[in-house]
Amino acid sequence: MSSLTASASWQALAAHAGLARSWSLRDLFAADKSRFERFSCRFEDLLLDYSKHLATGETLRLLLDLARERDVEGWRQRMVAGRKINASEGRAVLHTALRHRAATPVVVDGRDVMPEVRAVLARMKEFCEEIRSFRRKGFTGQNLTDVVNIGIGGSDLGPRMVCEALAPFAEPGHRVHFVSNVDPGDLVRTLAGLDAERTLFVVASKTFTTQETMTNAASARAWLVERMGGQEAAVARHFVAVSTNEEKVRAFGIDPKNMFGFWDWVGGRYSLWSAIGLPIALHLGFARFEELLDGAHAMDRHFQETPLERNMPVLMGLLGVWYTDFLGASSHAVLPYDQNLHRFAAHLQQLDMESNGKSVDRAGRAVDYPTGPVVWGEPGTNGQHAFFQLLHQGTSLIPCDFLAAASSLTPLGDHHDKLLANFLAQTAALAFGKSREEARAELARQGLAGEALEALLPHKVFPGNRPSSSLLYEKLSPYRLGSLIALYEHKVFVQGVIWNINSFDQWGVELGKQLAARILPALAGEALPEPPDGSTAGLLAHVAALRREEA
Ligand SMILES: O=P(O)(O)OC[C@H]1O[C@H](O)[C@H](O)[C@@H](O)[C@@H]1O
């Protein structure tokens with residue numbers, strides 16, 4: 001047994017979970033008229049309603065015991081103080097410094113990192129103003145109207161999600177595009193609609209070695225140079241880089257004066273607050289980017305300063321642990337009833353699954369408890385007409401997060417009321433279901449009786465007790481979005497601490513990269529130094545045969 005599963009608080013939760021299986025949310029609400037007040041928490045205009053969870057006051061008490069026993073408060077302090085909590089890479093974890101808006105220092109290895117952070121922000125601001133005012137022109141003197149971000153993973157998902165979410169705040173004049181996939185279709189289709197003379201490329205890569213990004217960047221550069229009559233000098237006017245690796249940026253042919261730096265203490269999936277957020281600032285204006293940082297900083301302070309009982313990321317993290325480790329859930333759905341957030345789940349997938357998809361603890365020992373769940377989701381109401389059937393009547397327990405704004409950024413007739421009615425209805429339907437008796441009475445009202453009624457009845461029952469959190473805010477804004485993203489970052493952190501894993505490395509993505517590099521020559525018809533496994537060999541042979549047929 002690991003020290004976690006052997007701990008008193010874990011054992012108490014395991015015993016308590018036995019009781020949870022007989023609870024009904026209808027009964028829990030009936031027994032406590034103030035359940036909503038007791039099981040909700042506020043941060044500014046953001047409300048977390050966690051009353052529709054399979055949890056009692058005792059559950060929360062035991063989960064908070066677990067959090068204290070695992071020293072969530074100590075780890076939190078170590079993270080923001082710049083201690084090297086990413087031990088397998090020997091790095092500090094300081095995305096909070098990127099949005100640190102106070103005048104106080106943040107020290108790593110005895111050095112205050114804030115002057116550098118502010119210096120890069122100042123350069124980003126200046127660059128944004130030059131581009132947005134059209135003072136900085138393209139090589140042929142044209143206005144630069146289109147920005148293409150070339151990056152993948154953390155160098156794509158965060159900025160892309162934020163640009164999509166905050167598009168209603170964008171001022172006209174500049175369009176932002178994102179290219180991530182090495183599939184030629186991504187770059188080819190994006191470039192097809194663009195005029196090279198008016199296009200600025202942002203090559204975004206922490207390492208500046210990622211195969212997809214380097215391949216896309218090289219092809220984009222070739223496209224540009226060709227359209228500029230072979231003049232390499234055009235690259236300096238049309239390419240900037242965002243990276244931690246100046247040497248590789250230089251080797252690629254981008255002058256470091258066109259580079260925006262960041263640091264090894266920023267994880268890729270936590271990097272949208274750094275210069276990786278440049279496309280956000282170019283799209284929305286630098287002031288909006290700063291509002292995003294402000295919102296995240298406010299959530300950082302809430303996370304650091306609020307007692308665990310009322311601490312939103314702590315509560316969300318603990319409820320996730322409750323379902324994953326004690327009630328057998330293996331997935332978690334994120335369902336924004338806010339179309340602006342249509343890429344939110346995609347960003348959270350990397351944030352959560354790359355952080356907590358681990359099966360060894362900090363010391364490298366195999367864990368004997370489930371860790372990070374599969375995170376997935378789509379915006380409502382679309383999901384209702386697709387996969388909600390399984391949420392309501394399937395055999396899996398899938399806790400859900402619903403996110404909704406009280407008011408729309410783009411109001412139109414009664415659309416938003418209908419959106420909210422659906423959000424409220426779905427969370428209630430999941431929690432309270434429809435009993436056999438209710439279904440029977442409904443069918444009888446519809447004129448059914450006897451065998452026909454009995455045959456249909458089981459299909460019409462909704463078991464309920466399907467848990468959800470609701471996150472309700474006034475209206476999406478750069479500030480509110482910043483705080484929502486930071487909320488999830490800290491939720492993931494809390495869970496990583498409980499599970500005693502390093503949430504900040506990602507060794508699991510390396511093997512596939514190594515094998516792809518080994519296999520690549522075979523696709524160009526070269527013999528491999530070592531024969532691949534039988535399946536790979538068979539698939540390669542089939543690719544070759546299909547290509548021969550095509551030729
Ligand atoms: O920014 P880059 O160095 O190009 O990395 C891009 C992405 O690829 C890697 O394989 C990691 O899995 C991600 O964490 C990272 O965000």
Side-chain angles (χ1 to χ4, degrees), residues 85-86 88-95 98 120 124 148-163 178-183 186-187 201-221 239-252 254 259-280 343 345-359 372 374-375 485 488-489 492-493 496 501-520:
I85 62 168
N86 174 2
S88 72
E89 295 182 315
R91 291 175 182 169
V93 175
L94 270 180
H95 41 279
L98 300 169
V120 174
M124 285 170 69
V148 180
N149 189 78
I150 299 179
I152 198 165
S155 301
D156 167 74
L157 288 163
R160 189 196 289 247
M161 179 273 284
V162 173
C163 284
F178 288 85
V179 172
S180 54
N181 201 331
V182 75
D183 183 328
D186 203 1
L187 183 67
F201 292 94
V202 177
V203 185
S205 175
K206 180 176 168 182
T207 54
F208 233 70
T209 57
T210 304
Q211 183 197 51
E212 293 89 334
T213 300
M214 293 303 103
T215 305
N216 279 324
S219 297
R221 186 173 63 179
F239 272 76
V240 296
V242 180
S243 187
T244 58
N245 193 337
E246 186 175 322
E247 204 181 307
K248 294 275 183 203
V249 168
R250 201 189 293 274
F252 181 83
I254 297 179
M259 168 181 162
F260 298 86
F262 61 112
W263 307 272
D264 73 354
W265 41 261
V266 182
R269 51 196 175 274
Y270 300 89
S271 64
L272 72 90
W273 321 101
S274 71
I276 290 290
L278 187 63
I280 303 172
R343 295 290 296 167
H347 174 66
L348 293 191
Q349 281 182 325
Q350 188 198 11
L351 172 64
D352 199 320
M353 294 163 79
E354 206 171 64
S355 296
N356 287 344
K358 313 280 164 69
S359 54
V374 174
V375 175
I485 302 167
Y488 277 91
E489 289 178 351
V492 166
F493 171 80
I501 55 182
N502 180 357
S503 300
F504 300 103
D505 60 9
Q506 57 284 316
W507 300 107
V509 301
E510 295 305 322
L511 176 59
K513 291 184 193 172
Q514 286 169 6
L515 293 182
R518 242 182 268 166
I519 292 166
L520 183 61

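Remember, it's 1-based here, ligands and their atoms both numbered in the order they're listed.
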Item checked: Qualifying residues under side chain to side chain contact (heavy atoms under 4.5 Å, CB included), relative to S180, sequence neighbours excluded ->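 Side chain to side chain contact (heavy atoms under 4.5 Å, CB included) check on S180 returns I152, D156, R160, D186.
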
Check: Does a donor on one side chain sit under 3.5 Å from an acceptor on the other, for S88 and D505?
Finding: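 Their side chains do contain a donor-acceptor pair, which is all the 3.5 Å distance test asks for.
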
Note to self: If we count only N and O atoms by modelled type, under 3.5 Å, do the side chains of T244 and W263 hold a donor and an acceptor together?
What the structure shows: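 Absent: no donor and acceptor within the cut-off.
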
Notebook entry, point to check: Which residue pairs satisfy the salt bridge (charged side-chain N to carboxylate O under 4.0 Å, His left out) criterion with at least one member in residues 507-516, sequence neighbours excluded?
Noted result: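 Residue pairs with at least one partner in residues 507-516: E510-K513.
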
Which pairs of nitrogen or oxygen atoms, taken one from ligand 1 and one from the protein, are under 3.5 angstrom apart?
residue  : atom   : partner : partner atom : Å
ligand 1 : 1 (O)  : S155    : OG           : 2.6
ligand 1 : 1 (O)  : K206    : N            : 2.7
ligand 1 : 3 (O)  : S205    : OG           : 3.4
ligand 1 : 3 (O)  : K206    : N            : 3.3
ligand 1 : 3 (O)  : T207    : N            : 2.8
ligand 1 : 3 (O)  : T207    : OG1          : 2.6
ligand 1 : 3 (O)  : T210    : OG1          : 3.4
ligand 1 : 4 (O)  : S205    : OG           : 2.6
ligand 1 : 4 (O)  : T210    : OG1          : 2.5
ligand 1 : 10 (O) : K513    : NZ           : 2.6
ligand 1 : 12 (O) : E354    : OE2          : 2.6
ligand 1 : 14 (O) : Q350    : NE2          : 3.4
ligand 1 : 14 (O) : E354    : OE1          : 2.6
ligand 1 : 16 (O) : G154    : N            : 2.8
ligand 1 : 16 (O) : Q350    : NE2          : 3.4

Next item on the list: Identify, with sequence neighbours excluded, every residue that meets side-chain hydrogen bond (donor to acceptor under 3.5 Å, both in side chains) alongside R250.
Entry: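 Counting only residues at least two positions away or on another chain, R250 forms a side-chain hydrogen bond (donor to acceptor under 3.5 Å, both in side chains) with E246.
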
Note to self: Determine whether E489 and W273 satisfy the following criterion, side chain to side chain donor-acceptor pair (under 3.5 Å), listing intermediate values before the conclusion.
What the structure shows: CA-CA 12 Å; E489 289 178 351; W273 321 101; 2.9 Å; yes

